[in-house]
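What you see is a predicted model, and the numbers here were worked out from it, not measured in a lab.
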Protein chains: 2
Amino acid sequence: MELNANVLKNIRRVEPYVPGEQPQNKVIKLNTNENPYPPAPGVLKALKDLEYDRLRLYPDPAAEELTDALADYYHVKKDQVFVGVGSDDVLAMCFLTFFNSEKPILFPDITYSFYKVWAELYRIPYECPSLDEAFCIQKEDYYKENGGIIFPNPNAPTAVYENLEFVEDILEHNQDVIVIVDEAYIDFAGRSALELLDKYPNLIVVQTFSKARSMAGMRIGYAIGNPELIKYLNDAKYSFNSYTMNLPSLVCGIEAVRDKAYFKEVTDKIVETREWSKKELKELGFQFPDAKANFIFATHPEYDAEELFQALKKEGIYVRHWNSERIRQYLRITIGTKEEMNILFNFLQEKLKNS
Amino acid sequence: MELNANVLKNIRRVEPYVPGEQPQNKVIKLNTNENPYPPAPGVLKALKDLEYDRLRLYPDPAAEELTDALADYYHVKKDQVFVGVGSDDVLAMCFLTFFNSEKPILFPDITYSFYKVWAELYRIPYECPSLDEAFCIQKEDYYKENGGIIFPNPNAPTAVYENLEFVEDILEHNQDVIVIVDEAYIDFAGRSALELLDKYPNLIVVQTFSKARSMAGMRIGYAIGNPELIKYLNDAKYSFNSYTMNLPSLVCGIEAVRDKAYFKEVTDKIVETREWSKKELKELGFQFPDAKANFIFATHPEYDAEELFQALKKEGIYVRHWNSERIRQYLRITIGTKEEMNILFNFLQEKLKNS
């Protein structure tokens with residue numbers, strides 16, 4: 001039986017976001033900014049020790065033990081922490097809850113592509129000030145009247161990090177709206193806007209377990225902010241689905257937060273590999289804004305990015321490429337292990353030599 | 001620092017749904033319709049064998065292995081299956097996607113309380129035809145013009161099941177809108193509306209792993225329907241959050257679907273306990289519509305439900321009570337193990353004798 005035209009008339013159609021490829025075979029996967037190292041050992045233990053019989057029960061809707069662990073770690077109160085199914089869930093809830101004005105929200109023209117999708121989904125007006133030639137945010141663009149502000153720091157896919165004075169300047173100029181700093185990659189970069197929370201109650205900082213904590217497969221993200229704002233997020237969450245965080249994510253999340261030594265070891269290793277990778281790429285003739293995330297956004301003045309992307313893919317080396325204005329000559333290369341990066345650089349060296 | 005009034009002006013405030021209590025201490029928990037038995041043994045094995053290193057990677061956004069397993073089990077094509085974070089996530093996506101008309105959607109006055117919350121969240125107009133005195137849906141109420149229909153079968157919290165002819169009659173009269181049958185409790189009841197899918201392409205059937213499959217703690221729900229409708233659901237999902245199902249839920253979900261023998265054993269046991277519980281409750285003087293779910297919706301002509309609810313709670317026996325019109329003299333009692341039900345009945349016997 002076919003669907004009739006009347007049924008189709010009232011269905012909301014959305015242009016879906018296209019996520020990066022998830023190849024299932026053995027490849028060198030440098031395309032979705034995952035961590036090359038496994039989660040903290042305590043996570044494995046938590047999985048093995050999971051009280052199996054508890055799976056039949058609904059999980060704690062408040063995710064209290066996990067929010068407690070995060071509050072401890074970041075030295076905030078537990079009513080300042082909101083958790084969700086990855087930072088995408090947290091950010092979508094923030095858009096729905098905080099960007100409810102008639103005035104346009106502001107975010108950079110080159111940034112995380114989901115912002116536009118959520119704004120359109122919730123019919124939030126938006127404007128996208130351009131990054132400058134060096135892919136930096138121009139803070140003056142954020143001085144005008146607006147319905148809210150969001151930007152990643154470091155920005156994606158550029159990997160450019162702005163220091164705390166820069167972030168504070170934007171907050172200073174925007175005390176009547178919610179300002180969200182999306183810090184998915186902050187642990188590879190520098191000081192977090194969390195330091196500004198006491199001074200700016202309109203600030204929301206969003207972070208994730210998917211990058212520095214090696215748990216993209218577990219889907220955990222969180223927002224930290226003023227208790228009243230966090231309450232509104234929780235109200236919105238409870239009205240969708242009270243029990244979003246499943247039991248494995250709750251028990252494993254706690255262990256990932258607690259193991260500070262492992263966390264430091266892994267992030268240090270990635271930062272070290274990134275710094276070495278920058279040198280290697282420069283020697284190969286690549287150019288890029290200074291990378292402070294777990295990826296590098298690189299272009300080569302003599303070689304077409306799309307062609308390099310296809311050649312790498314053919315070799316089983318996946319990086320990310322967007323066929324869109326301003327960035328089509330760039331490749332976003334995730335920092336893998338030193339061994340993986342070596343394979344990439346060796347291939348590039350051969351390829352560039354013979355082109 | 002306090003939030004200023006301008007910031008607060010543009011925040012969307014939602015009246016949150018209040019979930020059933022999740023007491024953490026040792027109690028007899030008959031208040032949220034959980035399964036008293038653990039998930040299939042394969043689920044435990046899948047958890048222990050989980051490829052730990054895969055946690056660092058994003059999970060398969062299409063949840064392909066899980067949708068394949070469900071398609072196999074229900075003899076439908078895999079493009080007819082949509083999975084989400086519990087049936088609440090699936091239902092919320094259905095409301096957003098399918099109920100996009102100016103005409104009111106219809107659902108019963110006494111039913112799952114989230115329907116109203118989602119309708120309000122998405123600003124969908126709605127009407128709630130009354131159940132009759134016996135808590136049955138009057139199918140004629142659903143013959144009028146509308147923007148879509150949703151009802152649970154069995155209904156909650158009444159546990160009343162309508163047969164397939166009844167469901168087909170509603171579909172027969174509503175071929176120009178989406179009709180969603182929310183079958184969270186169908187495995188304890190009778191024939192599923194899935195049998196009607198070939199004839200009615202506007203039908204969506206929603207089910208869950210939280211009840212008969214003992215996995216409320218894992219958060220898995222699914223919708224089955226026409227491939228085109230399922231595609232629209234996926235588009236909406238991808239625009240929120242591409243990676244909603246974490247790795248443990250994917251690998252464990254597959255095992256829960258595959259073990260047909262264990263599934264039958266558990267549901268048979270619960271149905272048997274339910275039938276025996278009905279007799280016991282009748283002997284105690286309770287009245288209830290014939291219960292076909294894993295709970296009984298019972299009232300006692302001589303005793304106040306709220307008072308019984310409080311007395312049970314004091315005893316560490318949790319059931320569910322709503323202080324709302326038409327149902328405030330009712331208790332919703334989940335079917336536990338035979339031992340748990342015995343403790344409940346013994347206490348009620350003493351209590352009613354001494355009141």
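The 12-atom threshold is exceeded at CG of B:Asn6, counting heavy atoms of other residues, nucleotides or ligands nearer than 6.0 Å. No more than 12 heavy atoms of other residues, nucleotides or ligands lie within 6.0 Å of NZ in B:Lys45, so this atom counts as exposed by the packing criterion. In the displayed structure, B:Lys269 atom NZ is contacted under 6.0 Å by more than 12 heavy atoms of other residues, nucleotides or ligands. Enclosure of atom CG in B:Asp198 is not indicated, since only 12 or fewer non-hydrogen atoms of other residues, nucleotides or ligands lie within 6.0 angstrom. Within a 6.0 Å radius of NZ in B:Lys48, other residues, nucleotides and ligands contribute more than 12 heavy atoms. B:Glu195 CD: more than 12 foreign heavy atoms inside a 6.0 Å radius.
Under the rule for a side-chain hydrogen bond (donor to acceptor under 3.5 Å, both in side chains), the partners of B:Asn4 that lie at least two apart in sequence or sit in another chain are A:Asp176. Partners of B:Asp89 under the side-chain contact (heavy atoms from CB on, under 4.5 Å) rule, at least two apart in sequence or in another chain, are A:Asn241, B:Val85, B:Met93.
Of all heavy-atom pairs between A:Ala216 and B:Pro59, the closest is O-CD, 3.5 Å. The two residues A:Asp53 and B:Pro38 make their nearest non-hydrogen contact at OD1-CB, 3.7 Å. Minimum interatomic distance between B:Ser210 and A:Tyr58 (heavy atoms only, all atoms of both residues): CB-OH, 3.6 Å. The minimum heavy-atom distance between B:Gly217 and A:Pro248, with the atom names listed, is O-CD, 4.2 Å. Annotation for A:Phe114 and B:Ser242: closest pair CZ-OG, 3.7 Å, computed over non-hydrogen atoms. Here the closest heavy-atom approach between residue B:Met245 and residue A:Arg219 is recorded as C-CG, 4.4 Å.
Heavy atoms of B:Leu96 lying under 4.5 Å from chain A belong to its backbone as well as its side chain. For A:Tyr122, the part lying near chain B is the side chain, with the backbone staying farther off; criterion is any non-hydrogen pair under 4.5 Å. With a threshold of 4.5 angstrom between heavy atoms, B:Lys211 approaches chain A through side-chain atoms but not through N, CA, C or O. At a 4.5 Å heavy-atom cutoff, the contact between A:Tyr52 and chain B is made by backbone and side-chain atoms alike. Residue B:Asn226 touches chain A through its side chain alone, counting heavy-atom pairs closer than 4.5 Å. Interface residue A:Leu44: backbone and side-chain heavy atoms are both found under 4.5 Å from chain B.
Rounding to the nearest 0.5 Å places OG of A:Ser249 at 9.5 Å from CE of B:Met218. Put simply, CD on A:Glu34 and CG on B:Leu57 are 4.5 Å apart, with the number rounded to the nearest 0.5 Å.
Highest contact tally toward chain A, considering only B:Glu102, B:Gln175, B:Lys237, is held by B:Gln175 [criterion: heavy-atom pairs under 4.5 Å]. Note: A:Ala40 leads A:Ala92, A:Gly148, A:Ala40 in heavy-atom pairs under 4.5 Å with chain B. For chain B, the option among A:Glu120, A:Lys103, A:Arg213, A:Met215 with the highest count of heavy-atom pairs below 4.5 Å is A:Met215. Of the listed residues (B:Leu121, B:Thr97, B:Asn100, B:Ile220), the one with the most heavy-atom contacts under 4.5 Å to chain A is B:Asn100. Counting heavy-atom pairs under 4.5 Å between each of A:Val43, A:Asp88, A:Asp49 and chain B puts A:Asp88 at the top. Looking only at heavy-atom pairs under 4.5 Å with chain B, the residue among A:Tyr37, A:Tyr200, A:Phe99 that has the most is A:Tyr37. Between chain A and the residues B:Leu247, B:Leu197, B:Leu55, the largest count of heavy-atom pairs under 4.5 Å involves B:Leu55.
A donor-acceptor pair under 3.5 Å is absent between the side-chain atoms of A:Glu228 and the main chain of B:Leu3, judged by distance alone. Side-chain atoms of B:Arg56 come within 3.5 Å of backbone atoms of A:Asn35 as a donor-acceptor pair (strictly under, hydrogens ignored).
Between A:Val7 and B:Val177 the shortest side-chain heavy-atom distance does not fall below 4.5 Å.
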